[in-house]
Amino acid sequence: MLRNLLWATSKHDVYLMQNYSAMHWSSLLRRGKEVLDVARPIIPTMKYPGSVSQSLSRVHISTMTVKDNLMVAGGFKGELICKYLDQDGVAYCSKLSADENAITNAVDLYDNSSGSMRVMTANNDAQVRIFDTVNFTCINKFSFPWSVNNTSVSPDGKSVAVLGDSADCFVADAQSGKVIGTLKGHLDYSFASAWHPDGQILATGNQDTTCRLWDIRNLLESVSVLKGRMGAIRGIRFTSDGRFMAMAEPADFVHIFDTRSDYAVGQEIDLFGEIAGISFSPDTEALFVGIADRTYGSLLEFDRRHFNHYNDSFL
């Protein structure tokens with residue numbers, strides 16, 4: 001079940017969960033530092049009109065993301081935690097639902113079509129919630145017919161992929177939540193999605209051990225099906241330049257594809273342990289893989305290889 005517990009904000013800065021601690025790893029200093037302890041009581045530092053922030057304690061983190069100095073994490077009991085990395089304490093925290101099974105399956109930080117940063121949460125209570133990042137009030141909520149396992153917003157902020165306990169996936173309007181397209185082809189529940197930076201290709205990962213690629217201009221059928229080795233596709237990431245796509249299984253295997261080859265050329269990384277998340281560095285030079293195994297828990301860094309070809313020179 002582990003996924004999305006790791007995020008790289010640069011080639012030298014990685015945030016990851018370790019037991020009940022959110023850690024910052026610096027590859028330059030070769031050491032880690034705790035930035036958030038969720039085993040202890042968490043008391044929000046910011047109070048705003050309309051905010052429903054509340055204290056939390058001993059949160060089991062299920063998912064996390066980091067963007068522009070803001071860390072957002074979700075919990076297995078429906079919690080949401082928002083922390084500015086340059087400030088002490090937690091800015092906002094709360095339980096999103098009283099439902100006992102309202103796991104926060106995914107959190108996303110994105111810029112909407114007007115350029116304002118938003119937090120989007122996907123929960124087992126079949127709700128998708130949107131929060132602003134100024135006072136952390138819930139400004140919108142969308143309901144779907146099944147538990148929502150993952151959402152991802154398109155690069156232009158106008159569309160959102162919604163995946164969950166259904167073989168079908170939705171593409172919805174990010175402002176209204178209205179479904180504008182249904183993706184049919186997967187055989188089981190879906191858990192992961194990612195948009196190519198050009199906004200034309202959407203990748204979806206499923207329990208049926210495949211990742212399907214969809215051309216957003218024609219959603220009638222997928223344009224490609226990429227197969228994993230053994231397990232569900234639990235995490236998908238594109239490099240910021242769109243050149244590579246990585247997809248992770250729950251354990252042991254990460255697959256990388258060259259998008260310029262129409263995803264025909266790839267590399268399989270065979271490792272050992274449960275995969276807690278994958279993340280490319282923003283400069284595309286590194287891929288980080290988190291291993292959550294109690295015995296072999298670790299952070300792996302894979303550097304991008306460059307093949308430089310030089311013409312002969314004549315004097």
Which of Leu226, Ile201, Thr239 passes side-chain contact (heavy atoms from CB on, under 4.5 Å) with Met245? It is Leu226
Pairing of Asp111 and Arg118 as salt bridge, 4.0 angstrom limit = no
Looking at Phe170 versus Trp146, is the centre-to-centre ring distance below 6.0 Å?
-> yes
Cation over ring face, Arg237 and Phe280, 6.0 Å, 45° = no
Looking only at non-hydrogen atoms, find the nearest pair between Ile233 and Gly228 and report the distance.
-> CD1-CA, 4.2 Å
Is Asp99 paired with Lys95 through a side-chain N to carboxylate O contact shorter than 4.0 Å?
-> no
dist Arg234:CZ -> Cys211:SG (nearest 0.5 Å) comes out at 14.5 Å
salt_bridge(Arg229, Glu268) N-O dist < 4.0 Å = yes
Listed partners of Trp195 passing side-chain hydrogen bond (donor to acceptor under 3.5 Å, both in side chains), at least two apart | Ser152
Run through Ser97, Ser143, Ser147 and flag the one making a side-chain hydrogen bond (donor to acceptor under 3.5 Å, both in side chains) with Gln127.
-> Ser143
For the residue pair His196 and Phe238, does the interplanar ring angle fall in the parallel (under 30°), tilted (30 to 60°) or perpendicular (over 60°) class?
-> perpendicular
Report the relative orientation of the aromatic rings in Phe257 and Tyr263; use parallel for angles under 30°, tilted for 30 to 60°, perpendicular for over 60°.
-> tilted
Going by an N to O cut-off under 4.0 Å, is there a salt bridge joining Arg304 and Asp241?
-> yes
Evaluate the criterion side chain to side chain contact (heavy atoms under 4.5 Å, CB included) for residue pair Asp303 and Glu285; output intermediate values, then yes/no.
-> CA-CA 6 Å; Asp303 290 336; Glu285 290 298 317; 6.0 Å; no
Sequence neighbours left out, what passes ring pair (Phe, Tyr, Trp, His ring centres under 6.0 Å) with His255? Give chain and number order.
-> none
Here the pair of heavy atoms bringing Lys83 nearest to Val35 is CE-O, 3.0 Å
Enter the distance from Thr133:OG1 to Leu70:CG here, rounded to the nearest 0.5 Å.
-> 6.5 Å
Determine the minimum heavy-atom distance between Gly75 and Val59, stating which atoms define it.
-> CA-CG1, 4.1 Å
For Asp270, does the CG atom sit with more than 12 other heavy atoms under 6.0 Å from it, leaving out its own atoms?
-> yes
Please report the closest heavy-atom contact between Val160 and Ala174, naming both atoms and the distance.
-> CG1-CA, 4.1 Å
Ignoring hydrogens and angles, write down the donor-acceptor pairs under 3.5 Å from the side chains of residues 15-22, residues two or more places apart or on other chains.
residue	atom	partner	partner atom	Å
Ser21	OG	Glu34	OE2	2.5

Answer yes or no: is there an ion pair linking Lys184 with Glu221, defined by an N-O contact shorter than 4.0 Å?
-> no
Note: Asp173-Lys158 ion pair, threshold 4.0 Å (strictly below) = no
Okay, side chain of Asp252, backbone of Gly273: is any donor-acceptor separation there less than 3.5 Å?
-> yes
Residues Asn124 and Asn105: side-chain donor-acceptor under 3.5 angstrom = yes
Could you go through the side chain to side chain contact (heavy atoms under 4.5 Å, CB included) check for Met46 and Tyr84 one step at a time?
-> CA-CA 11 Å; Met46 295 185 179; Tyr84 291 107; 3.9 Å; yes
How far apart are the C-alpha atoms of Ser190 and Asn206, what are their side-chain angles, what is the distance that settles it, and do they pass the side-chain hydrogen bond (donor to acceptor under 3.5 Å, both in side chains) test?
-> CA-CA 4 Å; Ser190 293; Asn206 192 273; 2.7 Å; yes
Taking all non-hydrogen atoms of both residues into account, name the closest pair between Asp215 and Leu219 and its distance.
-> O-CD2, 3.5 Å
Indicate the atoms forming the closest heavy-atom contact of Gly242 with Thr259, along with that distance.
-> O-OG1, 2.6 Å
Within a reach of under 6.0 Å around NZ of Lys11, are more than 12 heavy atoms found that belong to other residues, nucleotides or ligands?
-> yes
